[in-house]
Amino acid sequence: MSTPTEVAVPKEHEGTREISLAQAVNEALAEELRRDPTVVLIGEDVAEAGTPFKVTSGLVEEFGPERVLDSPISEAGITGIGLGASMTGMRPVVDIMFGDFLTLVMDQVANQAAKVHYMSGGRLKAPLTVRTTLGATRRSAAQHSQSLHAWVSHVPGLKVALPSTPYDAKGLLKTAIRDDSPVVFFEDKMMFAVKGPVPDDEYTIPFGAADVKRDGEDVTIVATSSMVYVALEAAERLAEEGVSAEVVDPRTLVPLDRKTLVASAKKTGRVIVVDEGHRSYGASAELAAAIAEDAFYWLDAPVRRAAAMDVPVPFSPVLEDETVPTPDLIVEISRSLLGKA
Amino acid sequence: MSTPTEVAVPKEHEGTREISLAQAVNEALAEELRRDPTVVLIGEDVAEAGTPFKVTSGLVEEFGPERVLDSPISEAGITGIGLGASMTGMRPVVDIMFGDFLTLVMDQVANQAAKVHYMSGGRLKAPLTVRTTLGATRRSAAQHSQSLHAWVSHVPGLKVALPSTPYDAKGLLKTAIRDDSPVVFFEDKMMFAVKGPVPDDEYTIPFGAADVKRDGEDVTIVATSSMVYVALEAAERLAEEGVSAEVVDPRTLVPLDRKTLVASAKKTGRVIVVDEGHRSYGASAELAAAIAEDAFYWLDAPVRRAAAMDVPVPFSPVLEDETVPTPDLIVEISRSLLGKA
Amino acid sequence: MATEAVPAAEIGAELALRMYEQMQRIRSFEEQVDQLYRSAKMPGLAHLYVGEEAVAVGVCEALRRDDYITSTHRGHGHCLAKGASVDRMFCELLGKEEGYCRGKGGSMHIADHENGNLGANAIVAGSTGIATGAAFSAKARGTDQVAVCFFGEGALGQGVLYEVMNMAALWKLPVVYVCENNSYNEYTHFSETTAGDIAARPAAFGVPVEEVDGQDARAVYAATHRAVERARRGDGPSFLVCETYRYYGHHVGDVDRAYYRSKEEEEQWKAERDPLQILGAWIVEHGFAEEGELERIARDVEAEVAAAAEHAQDAPFPDPREVNEDVYAD
Amino acid sequence: MATEAVPAAEIGAELALRMYEQMQRIRSFEEQVDQLYRSAKMPGLAHLYVGEEAVAVGVCEALRRDDYITSTHRGHGHCLAKGASVDRMFCELLGKEEGYCRGKGGSMHIADHENGNLGANAIVAGSTGIATGAAFSAKARGTDQVAVCFFGEGALGQGVLYEVMNMAALWKLPVVYVCENNSYNEYTHFSETTAGDIAARPAAFGVPVEEVDGQDARAVYAATHRAVERARRGDGPSFLVCETYRYYGHHVGDVDRAYYRSKEEEEQWKAERDPLQILGAWIVEHGFAEEGELERIARDVEAEVAAAAEHAQDAPFPDPREVNEDVYAD
Ligand SMILES: Cc1ncc(C[n+]2csc(CCOP(=O)(O)OP(=O)(O)O)c2C)c(N)n1
Ligand SMILES: Cc1ncc(C[n+]2csc(CCOP(=O)(O)OP(=O)(O)O)c2C)c(N)n1
Ligand SMILES: [Mg+2]
Ligand SMILES: [Mg+2]
C-alpha cells in the first residue's frame, strides 16, 4: 500500500486529533461498548492480546471479560452465537481475525444472519456486526491476504462497509454497530498504522454516502479501502501532468451510493474503478457495470477496472507486488483513457 | 423456469437420443466411473437414494459402495476428504445437494482446493469436481433456492461450469471430471426433467467455449443455465415482432469465452445479460462489464442486466415469481434497447 | 404451553391432558398438511413430525413462554408446542399474508417470536449457533431465560454443533440441546453416518447428557425439566438424546420407502410406541380422564385444525409488492 | 527419515542418533529463521517449532517415505522431519525460485510432495480434510500408505476436525491425528478455549486415543508406530495427544509474552523437558554415543544450516512473470 495523502475532515467538526486507523476502530468500539450495555465483543485473542493487530487493546481492561470475550478458534461458532445474541436483544461485534476466514462463516452470515429478518416477515432482526480484514502485500501468502468483500456484497440482507481513513472507520463502525441489520465491516490490515484527523466530538457516518476524496474534472477514479490511497497518489502525479482526477470512495458497497458515482462519471466522462478484490466477478465489476448502465451516454471511453490479479496471492515479494494495483498503473490507465498514452 | 425450446446438437454426431438433463448427468458419471478407477462419488444420499433428485440412481448398484459413498451430513468434511483424495491420485466427485450449502464448503473450496496447485509452485494438483445446484421457483424458500456461482467464479484456481442442456451437461461434466484443476459444476434443479438430444457416441465439451444457442442480428442475449430457456422463449416472441435476437450461453464462467460474447455484442450492438444469481455483485456484473470493456465502441446502448432480485428468495409463490427474470422481462428490455418501448 | 414450569414430580391431570391435546394438535395438523400436499393445495414440500410429538411437547411444556427455542426443517411440531396457532401456521405453509412470516418463510422457516420461537431452519444444524447465542444473550442480559436447540441426529454430522457446545460448556450458557434421533438422515440410517456413541459426544465437550424415551411425553418433560432447572441455576448446558421415529416419509413426497426402511419397522413403532397411545393409556390408567374424554379432545382439535386449514386456503396472498420489503431492518 | 519403519521395541543407536540429528537440524533451522527475521532478511513472519522437535521427529521416523503428512502454520519441523532439505526450505522462506514452492507458498505453505508432505496450511485445522482424504485415497487405491495429520490443540475448536474424524472411524481410514498440545492458541491458554477432556473427544467419535509425552522422541516414536501399524492393518484411525511446548513466541514477532505466560514457565520447560537433552541423555546413558559425538552432530548440523541460509540469501528470486503461472494445472 502506498503512503496516504492527507485527507480532510468535514468542516462542522471543531477540534480534531491525528490518530491511526487502529485507534479509530478502538475508539468506536470503546464508545459503543460504553453507551450501550448490549454491545459485546467476541473473537480470538481480542481480550488481553488486543488481537494480533492490537486493535482492541485496553477494551477488556475497561469492560471486563463478560463483554470482551476471548473465544476458541471457532469462526462459525462465534458468528452463530453472535447472531443468536443479536436476535435476542444484544448488539454483538464478532471479530474474524483475517478476511480469509470468512470462508468459515459464510453459512452463519449468508444463510442465517442475512435472511433472518426477511424470512420472518420482518419480525426478527439481527443487529450483528462482523469485523474483519482485507488486503495483500503483507507477505502473508494466499490464505491471509484475500479481499473477499464481493462475496458478502452479493448477499441481500447484508450491509458492507470498507472505510479508507481513520475518520471514516470510526464513524462507519459506530453506525454499523447501531444498525439493525447485519453488517460486514472490512479493515485493510495494511492501513491500521495509517494516521489521519479524527474529530474530538462524537459522530457517526451514514451508510450509503460515498465520499469524494479529491475533486477533479478529467477522470474519475472510484476506489475502495486502501486503494483510495493508491488513487490519491495517482491523482497527485496526474496533477503534475495537468490531469485533474476525481477520487470517489463509496465507503459502503451495500448500500451503494450509485448517485454520487454516476454523477462524477457523467462529469468527467472517463472512469477507472480500483479495488483490491480479484478482478473477475469482483466488486469492481459491479461498480463498473452500474456506472456504465447509468452514465453510458456521458462516457467517452469504456469504464476501466484495476483490481487484484486473478491469482492466489503469492508469498514471494517479487511476485506479490505484481498482483495489486499501483499508482503507476492508475496513472497509465488514466493516460490511455485521455488518449495520452 | 419456462419450458425449453428445442436446442440442436452439433452435426458431427451420428445418432442421438432424447434424454433428461438428470439422465445426461447420470450417464456422464457412469461413463467416467467406468473408464477411470480413480473416480469416486461421495455425497449425502447419493447411493441407494440416488440423491433427492434421483440423478445418481443406479450408480451404487453398478459400481458398489466403495465408489459411490453415502456420507454423513458433513459438507465441509466430504469436500475436504475429496480434496485430499484428489491430491493423492483420485478424481473424486463430491455432491453438494443444494448450492445453498456451498456456504459450508467455502474454506475447503476457496482456501484449500483452489490454491493447492499455485501455493505448491505447481507441484501438487487437485482434480476435484464439486457438483451442486442453483435456481429458484421450486417453492423451497431462502435457504434452498440460491444461485451462488458468482462466489466461486471470483476465486482464482477454480473452474466453474453451468450447463443449460442435457447435451452440454453430459459433455461438460465429463470434461470437469478429467480436468486436473478443481471444478465447481452447477445444475439448475428445475432443469433435471428438461429433455434434449444427446449423442449415442461418447463426447466431451471443452471448457471456455461459449455456445450460440440461437443466431440473431438485432440484440444479443447472454444467458446462463436455465436462463438460456428464458432467453430462447423471449427470442421466439421477439421474432414474431420481427426482432432477431441472438442467444449466447457461456457454458463456463471460468474460463470465460470472452471472444464469442464480445463478437456477438459487436455484431448486434445491444446486449442483455440474464443470470439467476442476485443482481448486485453477481455474475451478470462481470459479464456486463467485460462486454462493455471490449465492445464499448460498438454498443448503441448500455449493456442491460436481468438477474434475480436482490432479496432472499421468498417462499410464497406470488412473491417468488417476482424475483426471477422472465421471458416477458427480456422481451421488454429488448424492446427498450431497440427504442420500441 | 406452560406459563410457569411445573416441577417434574407432579405431572398431574392438567399437565397430562394439556400434553395430550398438544400432541393431538400436532398430529392433526401434520395429517392435514399431508392432505393439502396430496391435493396439490400446498406449494413446495413439508417434513412431517407425526410420531415425534412427545419430544416437542414434553420439552416445551417444561419451558416458559419467554424461553427460546430454535427449530429445524421438521419444525411444525416445535412451533405448535411452543404455542403457535394452527391458523397462522397453515397460512404460512400456503404462503399467505396472514402467516407468521407473511408467507416469506414457509414450512422450513416459520418463526414465532412472541412465543420465543426463533425460527425453523433449512440448514441442518443451522440454528445451533442461534440457540447458543440466545442462551449467551439471556445470561449477558441477566435474565433466567433458557434456550432449547432442537435438531435431528443428522445434525451430529455438522461441525458447528461441536464448536458451539464447546463454548456453551466453557461459558456455562443456559442452553438445552435436544437431539431427536429418529434413526434416519433423510434416506440413510444413522448408523451408517454416525461413529461411536452419540451420548459420548456432548459429554466429551463437557456437556451433561441424558438419554430419553422420546415416545414418552412424561419422560421427555421430566428430563427437560431437570435440564432447564440446571440452566436457570447457572450450571450451564445439557444435552438430551430422544429416541423417536417419524411415521411418514422424510418429506411429504417420500412415499416409496421400502429401499431404506421396512414396513414392519414402521408398523412396529406405530403399534408399540405411539406417543399418543402411551400418554393416553397413562392418563386413563390414573383416572385423569376416560377414553371418551380423550376422543373428545381429538375431535375438537381435528375440528379446529380443519377450520384453520379452510381459513388458510381462503386467506389472501401477500401483495406482490411486498417482495422487496423486510430485506433490511431499517 | 526412515525408509522402513523400525519396530517400537528396538530403538537402537542408529534410530536414536538419527532422531537426535533431525531434532538438532530442526532447532538450528528455526534459530536461523529467527535470526533472518531479526536481521530483516526474511519477508513476513514465521511460527517457530523450537521445543516441539520430538513430536515431528518421533512421528515421522515411524513413517515411510511414501506415507503422507499434512502440516500447519508451525510446519518447518514437520517438513524437515519428513525429509525436506534445509536449503530448499530456506529458499522458500525467502521467496526464492529454488524454494519448494518456487517462492509462491512461503513459510505457511511449504509442501514437499516427493516426501509425502501435502503441505503446511495457514488455516487452523485446514488440512484435516486433506489428510483424511489422503488416507481415503490410500485405502481406495489399495496401497498400505498411512496419512498423518499434524495440528495444534487450537484446531480442536474447528468443527471440520470432528466431521472428518467421524468419517475416518466409519470408513476405517488409515489416518493418524497428531494433536500437538503446546498449551496455547496464539496468546490464549487452551484451558480457556477447550471444555471437557481432550482425549475424550476423538474417543467419542470412535477414534482410539493415546496421550504421549511430546518431549520424549522415543515415546512419540513408539506410540506413532503402534498407530501406524494399526492403520496399515486396516483397523482405522488413531489420535495422539502430544504434550509439548514452544520456546519462542507464537510467531517470530511475539517477543513480549509476559501478559499471557510467565518467564518461569518457559524456563522450566527448557530446563526440565527439553527434547534434545532428554534424548541426548538417554543416548549417552545407553552408551550409543558420547557427549562429544552429540556435540559434533550439533556442530555439523549448524554448519549445514548456516551454509543453506547463506545459499538461500544469494539465490535468485523467481521471474516476476511466473506470477500468473500455476493457477490452473492445465
Ligand atoms: C447442511 C445441510 N445439508 C443437507 C441438507 C439436506 N437435508 C435436509 S433434511 C436432511 C436430513 C436431516 O436428518 P436429521 O437431522 O436426522 O433430521 P430428520 O429429517 O431426521 O428430522 C438433509 C440431509 C440440509 N438441509 N442442510
Ligand atoms: C481458521 C483460523 N482461525 C484463526 C487463525 C489465526 N491463527 C493462526 S495460528 C492460531 C493459533 C493456533 O493454535 P494451535 O492450533 O494450538 O497451534 P500452535 O500455534 O499452538 O502451534 C490462530 C488463532 C487461523 N490461521 N485460522
Ligand atoms: Mg433423523
Ligand atoms: Mg497450541
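In what follows, chains carry the letters A, B, and so on, assigned in the order in which the sequence lines appear, proteins first and then strands, with residues in each chain numbered from 1. Worth knowing before you read on, the calculation uses all heavy atoms, side chains too, and leaves out hydrogens, waters and symmetry mates.
Of the listed residues (Ala125(D), Gly154(D), Pro318(D)), the one with the most heavy-atom contacts under 4.5 Å to chain A is Pro318(D). Between chain A and the residues Pro43(D), Gly106(D), Ala155(D), the largest count of heavy-atom pairs under 4.5 Å involves Pro43(D). Between chain A and the residues Gly44(D), Ala122(D), Gly99(D), the most heavy-atom pairs under 4.5 angstrom are made by Ala122(D). Ranked by non-hydrogen atom pairs under 4.5 Å with chain A, the options Asp254(D), Leu93(D), Val323(D) are led by Val323(D).
Under a 3.5 Å cut-off, the side chain of Glu322(A) and the backbone N or O of Pro320(D) do not form any donor-acceptor pair. Judged by distance alone, the side chain of Gln158(D) and the main-chain N or O of Ile73(A) form a donor-acceptor pair under 3.5 Å.
The CG atom of Asp70(A) sits 10.0 Å away from the CD atom of Glu186(D) when rounded to the nearest 0.5 Å. Atom-to-atom distance recorded for His144(A):NE2 and His109(D):NE2 is 7.5 Å, nearest 0.5 angstrom. Rounding to the nearest 0.5 angstrom, the gap separating the CD atom in Glu97(D) from the OG atom in Ser316(A) is 10.0 Å.
Shortest non-hydrogen contact noted between Val327(D) and Val311(A) is CG2-CG1, 3.6 Å. Residue Gly95(D) comes nearest to Phe315(A) through the heavy atom pair N-CE2, 3.6 Å, listed as atom of the first residue, atom of the second, then distance.
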- Task: Go through the steps for Arg138(A) and Leu45(D) under the test side-chain contact (heavy atoms from CB on, under 4.5 Å), then give the verdict.
- Result: CA-CA 9 Å; Arg138(A) 190 166 165 267; Leu45(D) 299 168; 4.2 Å; yes
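Using a 4.5 Å cut-off between heavy atoms, Leu94(D) touches chain A through its backbone atoms (N, CA, C, O) alone. For a residue to count as touching a neighbouring chain, one of its non-hydrogen atoms must lie under 4.5 Å from one of that chain's; by this rule Glu75(A) touches chain D with backbone and side chain alike. At a 4.5 Å heavy-atom cutoff, Ala76(A) makes no contact with chain D through either its backbone or its side chain. In this structure, the portion of Asp310(A) lying under 4.5 Å from any heavy atom of chain D is its backbone and not its side chain. In this structure, no portion of Tyr260(D) lies under 4.5 Å from any heavy atom of chain A. For a residue to count as touching a neighbouring chain, one of its non-hydrogen atoms must lie under 4.5 Å from one of that chain's; by this rule Asn121(D) touches chain A with backbone and side chain alike. With a 4.5 Å cut-off on non-hydrogen atoms, Phe98(A) does not touch chain D at all.
Proximity of Lys104(D) to Leu319(A): side-chain heavy atoms (C-beta onward) are separated by under 4.5 Å at one or more points. Using a 4.5 Å heavy-atom cutoff, the side chains of Asn185(D) and Pro72(A) are not in contact.
Within 6.0 Å of atom CG in Asp314(D), more than 12 heavy atoms from other residues, nucleotides or ligands are found, so the atom counts as buried in its surroundings.
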